[in-house]
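Throughout, residue positions are numbered sequentially from 1 according to the sequence presented.
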Amino acid sequence: MMRGLVFGRYAAFVLVVVMTVLAVWVAWSTRHWAAGFWLAASLALVVLGIHDMLQKRRAVLRNYPLLGHFRYLFESVRPELRQYLIEGDHDELPFSRQQRAIVYQRAKQELDKRPFGTQYNTYDSDYEWINHSLQPTTIPDHDFRVRVGANREQPYSCSVFNISAMSFGSLSANAILALNEGARRGGFYHDTGEGSISRHHRVHGGDLVWEIGSGYFGCRTEDGRFDAERFRVQAREPQVKMIELKLSQGAKPGQGGILPGPKVTPEIAEARGVPVGVDCLSPAAHSSFSTPTGLLEFITQLRELSGGKPTGFKLAIGHPWEWFAVAKAMLETGLLPDFIVVDGGEGGTGAAPLEFTDHVGVPMREALILVHNTLVGCGLRDRVRIAVAGKIVTAFDLARALALGADWCNAARGFMFALGCIQSQSCHTGKCPTGVATQDPLRQRGLDVPDKATRVHRFQQNTLVALRELLEAAGLHHPAELGPEHIIRRLSPFQVRSMARNYAWLEPGELLDGGVSDHPVFQRFWPLARANSFAPAELMGASRLR
């Protein structure tokens, strides 16, 4: 029996050796070129088998010479096999086939209707819907707008659906060109990501939101600190409509990043203001401030340097007392951001550690509700706009986020699908098969800029058309009228609740004048927050902070 097992493990190698012997005999007998080809192929397999048995890095190959390679072959194509042949239409890994399909259809102006009824089980827990009205409305235009920085020198009329932060470097030049041209055609904005404004962002002139990260790319000194003059020059360009200070992002909150020197091409170095071929560091924390009050003072400085353009910050929610500290600093100083972008923990990125991707950061809905509730409780909600990002691709995704407190929504991966992304999840390898997330000039040639720009434009417009239809069915006239009472969620086969009842909501001004809400999170952590530090007021034991 043991001999049989051993022979089974080496069967492929033994078979190849036998084939090689036969190939030698046939080649010697016939002198035909085909026999020589057979011999060469057999010898190559014998050499590979011997190498497998002698190498020490992979036990599978050592124990199963030649045969073991099939294991690695199938493992390498497993994601593709699962995506195309096995997964269901609603398996979200991380986006379902149906989510991707609706983006492709709307981007290509193809039929996006569904026959024969929903594929969801409407009695499953977590099923959601929007209630309709017996008196539907008629909305003449789908170009829904939000005014940001109304009291500033250069306010901006923002679409309710925009391109979220994705840097040149993470995305290819052609991807940036197509995104910006699509944004220009549709009149929505294109967030630069923290990689700053590249030459490719400027070609078509689409509206930009310039994101400033902890590396201060595009406005940094040689030692990586903030350079006010460099910032002022770029921030005052007419194409830049708003300034966004990035505190953290949903995919890897609390972590910085590094772009290895070999990937810092001349174009990337030019955009970021760093040396070519040298490791490009993005620290985990900012060097320009260290307290909530300092954060608001820095935002005020950025607004003044930009000539009065709307200025805000982006964050993924973590410790609630840190966000509460920022809110208390707003109340104490009177210094307000014009907007806050809430990035959900389900956000995407080109590369992040597994633990950060899966288990760090508050998911979008809870983060959005916390920020919205805090501003309402502080009496500031009408003066600070809220944007949100995190797996938003359909009109219902938009409607749900707007109902939970957002003024507008951003999407990154949805627009990547519009560019042709197939979710191969190879962004971090530089081998993106569609030319979206790579700096390989040959690979990105496959991304045709005029065609993909049209798709970006169509995806955004058709999604807003679908949002208009949802609002009309609900009897509403504008996304601003959406509230948590409009979205219903099934909790069990026998119980449903509106989002207005699923979550606790603060009353306007509830946190003012020493008020303490009975909302559990505010009750426990609001008293600990202080404007002059991100740390809680007193170092309490774990049991007190629980």
- prompt: Salt-bridged, R489 to D126, with N to O below 4.0 Å?
  reply: yes
task: Using salt bridge (charged side-chain N to carboxylate O under 4.0 Å, His left out) as the criterion, list what pairs up with D397, not counting sequence neighbours.
output: R400
message: Taking CG in D141 as the centre, count heavy atoms belonging to other residues, nucleotides or ligands within less than 6.0 Å. Is the count above 12?
response: yes
message: With a 4.5 Å cut-off on side-chain heavy atoms, are R272 and F168 touching?
response: no
task: Verify the neighbour count for atom CZ of R236: are there more than 12 heavy atoms of other residues, nucleotides or ligands below 6.0 Å?
output: yes
statement: Smallest heavy-atom separation, P310 atom then Y156 atom, equals CG-N, 4.0 Å
task: For W408 and S159, test the side chains for any donor-to-acceptor distance below 3.5 angstrom and give the result as yes or no.
output: no
- line: Residues at least two apart in sequence or cross-chain that pass salt bridge (charged side-chain N to carboxylate O under 4.0 Å, His left out) with R152, listed by chain then number, are D338
- prompt: Run the side-chain contact (heavy atoms from CB on, under 4.5 Å) check on L471 and L482 step by step: do they pass?
  reply: CA-CA 8 Å; L471 294 173; L482 281 166; 3.8 Å; yes
message: Ring centres under 6.0 Å, that's the criterion: do F313 and F339 meet it?
response: no
message: For C421 versus V436, what's the shortest heavy-atom pair and its separation?
response: N-CG2, 4.1 Å
- prompt: What heavy-atom pair brings L506 and G377 nearest, and what distance separates the two atoms?
  reply: CD2-CA, 4.1 Å
task: Could you walk me through whether I392 and M364 pass the side-chain contact (heavy atoms from CB on, under 4.5 Å) test, one step at a time?
output: CA-CA 10 Å; I392 293 174; M364 183 195 72; 4.1 Å; yes
Which side-chain N or O atoms in residues 221-228 pair as donor and acceptor under 3.5 Å with protein atoms at least two apart or in another chain?
unit_1 : atom_1 : unit_2 : atom_2 : d
T221   : OG1    : D223   : OD1    : 2.3
T221   : OG1    : R225   : N      : 3.0
T221   : OG1    : R225   : O      : 3.4
R225   : NH2    : S287   : O      : 3.4
D227   : OD1    : E229   : N      : 3.1
D227   : OD1    : R230   : N      : 3.1

query: Knowing that exactly one of V393, L467, V160 qualifies, which makes a side chain to side chain contact (heavy atoms under 4.5 Å, CB included) with L398?
result: L467
Residues 525-534 side chain polar contacts: donor-acceptor under 3.5 Å, at least two apart:
unit_1 : atom_1 : unit_2 : atom_2 : d
R530   : NE     : A535   : O      : 3.3
S533   : OG     : A535   : N      : 3.0

- request: Compare all side-chain heavy atoms of N410 with those of V388 and state whether any distance is below 4.5 angstrom.
  value: no
- request: Could you tell me which residues satisfy salt bridge (charged side-chain N to carboxylate O under 4.0 Å, His left out) with R365, sequence neighbours excluded, listed by chain and number?
  value: E128
message: Give me each pair satisfying salt bridge (charged side-chain N to carboxylate O under 4.0 Å, His left out) with a member in residues 155-168, each pair once, sequence neighbours excluded.
response: none
query: For H457, what residues pass the side-chain hydrogen bond (donor to acceptor under 3.5 Å, both in side chains) criterion, not counting sequence neighbours?
result: none
- prompt: With no hydrogens and no angle check, do the side chains of S282 and E194 hold a donor and an acceptor under 3.5 Å apart?
  reply: yes
- prompt: Should the pair Y216 and F298 be assigned to parallel (<30°), tilted (30 to 60°) or perpendicular (>60°) ring geometry?
  reply: perpendicular
- prompt: Do R385 and I340 pass the side-chain contact (heavy atoms from CB on, under 4.5 Å) test, and can you show the C-alpha distance, the side-chain angles, and the key distance before you say yes or no?
  reply: CA-CA 6 Å; R385 298 292 193 183; I340 298 171; over 6 Å; no
Set of residues satisfying salt bridge (charged side-chain N to carboxylate O under 4.0 Å, His left out) with respect to R220, sequence neighbours excluded: none
message: Any non-hydrogen side-chain atom of E267 less than 4.5 Å from a side-chain atom of H200?
response: yes
query: Can you check whether K309 reaches E153 side chain to side chain, under 4.5 Å on heavy atoms?
result: no
query: Tell me, do T300 and L336 make a side-chain contact under 4.5 Å, heavy atoms counted?
result: no
Backbone of P520 reached by a side-chain donor or acceptor of Q523 within 3.5 Å: no
message: For a 4.5 angstrom cut-off between non-hydrogen side-chain atoms, does N162 reach H190?
response: no
Criterion side-chain contact (heavy atoms from CB on, under 4.5 Å) on V103 and F415, from CA distance to verdict: CA-CA 8 Å; V103 176; F415 282 101; over 6 Å; no
field: Option from R383, R147, R381 for which salt bridge (Lys or Arg N to Asp or Glu O under 4.0 Å) with D407 holds
entry: R381
query: Between the side chains of E510 and S517, does any donor sit under 3.5 Å from an acceptor?
result: yes
- request: Kindly assign one of parallel, tilted or perpendicular to the pair W210 and F231, based on the angle between their ring planes and the thresholds 30° and 60°.
  value: parallel
field: Which residues share a ring pair (Phe, Tyr, Trp, His ring centres under 6.0 Å) with Y123, sequence neighbours left out
entry: none
query: Are E270 and R199 side-chain neighbours, meaning at least one heavy-atom pair lies under 4.5 Å?
result: yes
- request: Using the six-membered ring wherever Trp is involved, compare the ring planes of H372 and W505 and label them parallel, tilted or perpendicular (cut-offs 30° and 60°).
  value: perpendicular
- line: side-chain hydrogen bond (donor to acceptor under 3.5 Å, both in side chains) filter on E237, not counting sequence neighbours, yields R202
- request: List for me each residue that meets side-chain hydrogen bond (donor to acceptor under 3.5 Å, both in side chains) alongside S167, sequence neighbours excluded, and say none if there are none.
  value: none
- request: For G206 and N180, work out which heavy atoms get closest and say how close.
  value: N-OD1, 2.8 Å
- prompt: Can you list every ring pair (Phe, Tyr, Trp, His ring centres under 6.0 Å) pair that touches residues 462-504, not counting sequence neighbours?
  reply: F144-H478
